[in-house]
Protein chains: 2
Amino acid sequence: MQTKTDPRVLRTRKLITEAFIQIFQTKSFSEISVKDITTEAMINRATFYNHFLDKYDLLEKVVEEKLHLNLGCEKQKTSMSIEETIETVFLSLTRFETSVPSVSGQEEKEAIDAIIKLELVNIFRTKLIEINPQTETRLLDKLANWLTFTVRGISLDWKHSDQDETAGEFIEPLLPFIMRGIETL
Amino acid sequence: MQTKTDPRVLRTRKLITEAFIQIFQTKSFSEISVKDITTEAMINRATFYNHFLDKYDLLEKVVEEKLHLNLGCEKQKTSMSIEETIETVFLSLTRFETSVPSVSGQEEKEAIDAIIKLELVNIFRTKLIEINPQTETRLLDKLANWLTFTVRGISLDWKHSDQDETAGEFIEPLLPFIMRGIETL
DNA sequence: AATAAAGTGTAACTTAAACAACACTTTTAC
DNA sequence: GTAAAAGTGTTGTTTAAGTTACACTTTATT
């Protein structure tokens with residue numbers, strides 16, 4: 001239990017992230033300056049740097065937050081099986097990717113992708129360690145990576161499909177195949 | 001040219017008024033507490049009182065601002081005739097009333113009406129004095145009042161009509177009648 | 001290639017907003 | 001009727017945000 005953060009800090013962060021998301025709809029990431037963000041957020045440019053290192057740091061935090069918003073609560077549940085976790089993460093990811101405005105530029109896509117990858121690997125890693133505490137971490141890390149690529153690949157596949165199936169319907173028949181691999185553990 | 005206001009002040013006002021308008025969509029005015037507003041606005045309750053006397057004062061300012069937003073620029077134009085002013089005010093009023101969510105309660109309706117009345121009287125009064133500077137103010141005040149009732153009456157009439165005519169079409173045939181009265185000056 | 005213009009990141013100082021505590025007035029509930 | 005709860009409006013004190021200025025880097029312009 002730590003001393004709760006000043007409401008002004010929370011408000012400022014909210015204003016900044018909302019402003020950023022707002023501008024992000026209309027401009028590509030590289031075109032956005034810190035000044036743009038702070039003007040939209042109605043805060044001073046110097047204040048921005050009290051909260052974020054730079055706009056890349058902001059992007060990172062925003063994506064993290066967005067992802068957590070979808071699967072944050074589920075993440076805690078230790079009751080969840082790996083299979084459920086995979087499905088949940090997949091659904092969160094597709095939800096996230098459809099919620100993000102089809103952003104253009106390469107730079108920001110790479111940035112976002114990198115952040116998502118880190119996040120997913122972390123989720124899978126945690127879950128795998130939780131369920132197989134005796135297995136060595138090196139192996140679990142590799143598996144987490146593999147699961148991440150798998151889930152993101154399927155997500156991309158679904159995204160490029162005609163989407164007559166829901167995301168859930170799309171991954172459902174694939175889950176047994178994925179699970180077979182995991183069950184080698 | 002006066003010393004420009006602190007950006008924090010502008011931001012806080014914006015947050016408060018936006019929060020108020022937001023809550024006003026879901027609750028009636030009497031049900032809204034200052035705490036509700038400040039929570040939604042993410043500001044401290046004490047700060048509210050640095051900007052507004054109470055929630056009635058806030059309502060007043062918000063309605064004023066909304067009205068000004070519509071006819072603020074026109075109000076300056078000394079070039080405008082009384083007839084144009086009447087029409088402009090009428091159109092602003094109908095625009096305002098259709099933009100306000102059909103708010104329920106009696107208390108707030110009266111509050112808003114009172115504010116609108118004050119505002120319109122003030123506009124007409126200014127215009128009349130500008131055009132007839134030699135006429136005594138007492139009389140112009142009465143005329144301003146009369147114009148206000150006229151415009152608001154027609155606005156109400158239009159609102160209750162089936163609105164197959166636009167507001168502009170609605171008042172157009174009435175303007176000569178109104179002007180006849182004014183031209184007695 | 002040179003220069004202007006726009007953007008970045010930082011730091012000392014000022015100020016508006018948060019805190020929290022208060023007396024007071026409704027509302028609500030027993 | 002009265003006690004608890006919720007709301008109002010105010011006042012010092014503390015703190016996050018605004019100001020301004022700076023050195024520096026990147027991007028346009030000539």
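So you know, we letter chains A, B, ... as the sequences are listed, proteins then strands, and number each from 1.
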Notebook entry, point to check: Residues two or more places apart in sequence or in another chain: which of them pass side-chain contact (heavy atoms from CB on, under 4.5 Å) with B/Glu165?
Noted result: B/Glu169, B/Phe170

Check: Separation of A/Arg45 atom CZ from C/dG7 atom P, in whole Å?
Finding: 10 Å

Next item on the list: Would you kindly check if the NZ (Lys) or CZ (Arg) of A/Lys61 is within the cone defined by 45 degrees around the ring axis of A/Phe52 and under 6.0 Å from the six-membered ring centre?
Entry: no

Next item on the list: Validate the cation-pi geometry between A/Lys55 and A/Phe29: distance from NZ or CZ to the six-membered ring centre under 6.0 Å, angle to the ring axis within 45°.
Entry: yes

Check: Closest nucleotide of DNA chain C for A/Leu53 versus for B/Asn50: which of these residues is on the 5' side?
Finding: A/Leu53

Checklist line | Between C/dA18 (P) and B/Arg8 (CZ): distance, integer Å | finding: 11 Å

Notebook entry, point to check: Counting any heavy atom closer than 4.0 Å, what does A/Asp54 reach on the DNA or RNA strands: base, sugar-phosphate only, or nothing?
Noted result: sugar-phosphate

Note to self: Any side-chain N or O of B/Asn44 below 4.0 angstrom from OP1/OP2 of C/dC19?
What the structure shows: yes

Check: Can you tell me how far P of C/dG7 sits from CZ of A/Phe52, to the nearest Å?
Finding: 20 Å

Checklist line | Phosphate OP1/OP2 of D/dA17 contacted by A/His51 side-chain N/O (<4.0 Å) | finding: yes

Notebook entry, point to check: Of all the nucleotides listed (C/dA18, C/dC19, D/dG18), which has the minimum atom distance to the side chain of A/Thr47?
Noted result: D/dG18

Next item on the list: Give A/Arg11 one of three labels, base, sugar-phosphate or nothing, depending on what nucleic acid heavy atoms sit under 4.0 Å from its own.
Entry: sugar-phosphate

Note to self: Rounded to whole Å, how long is the line connecting atom CG of B/Leu10 with atom P of D/dA17?
What the structure shows: 17 Å

Next item on the list: Using modelled atom types only, decide if a donor and an acceptor are shared between the side chain of B/Ser155 and the backbone of B/Val151 within a distance under 3.5 Å.
Entry: no

Item checked: Position toward the 5' end of DNA chain C (nearest nucleotide), A/Ile32 or B/Thr12 -> A/Ile32

Next item on the list: Give the rounded distance in Å between these two atoms: CG of A/Asp57 and P of C/dG9.
Entry: 10 Å

Item checked: Worked check of salt bridge (Lys or Arg N to Asp or Glu O under 4.0 Å) between A/Arg11 and A/Asp6 -> CA-CA 9 Å; A/Arg11 187 187 59 207; A/Asp6 193 298; over 6 Å; no

Notebook entry, point to check: Roughly how many Å is it from CD1 in B/Ile43 to P in D/dA16, rounded to a whole number?
Noted result: 18 Å

Notebook entry, point to check: Rounding to a whole Å, what distance do you find between B/Lys55:NZ and C/dT26:P?
Noted result: 13 Å

Note to self: How many whole angstroms separate atom CZ of A/Phe48 from atom C1' of D/dG18?
What the structure shows: 16 Å

Notebook entry, point to check: Does the side chain of A/Tyr49 get closer than 4.0 angstrom to OP1 or OP2 of C/dG9 through an N or O atom?
Noted result: yes

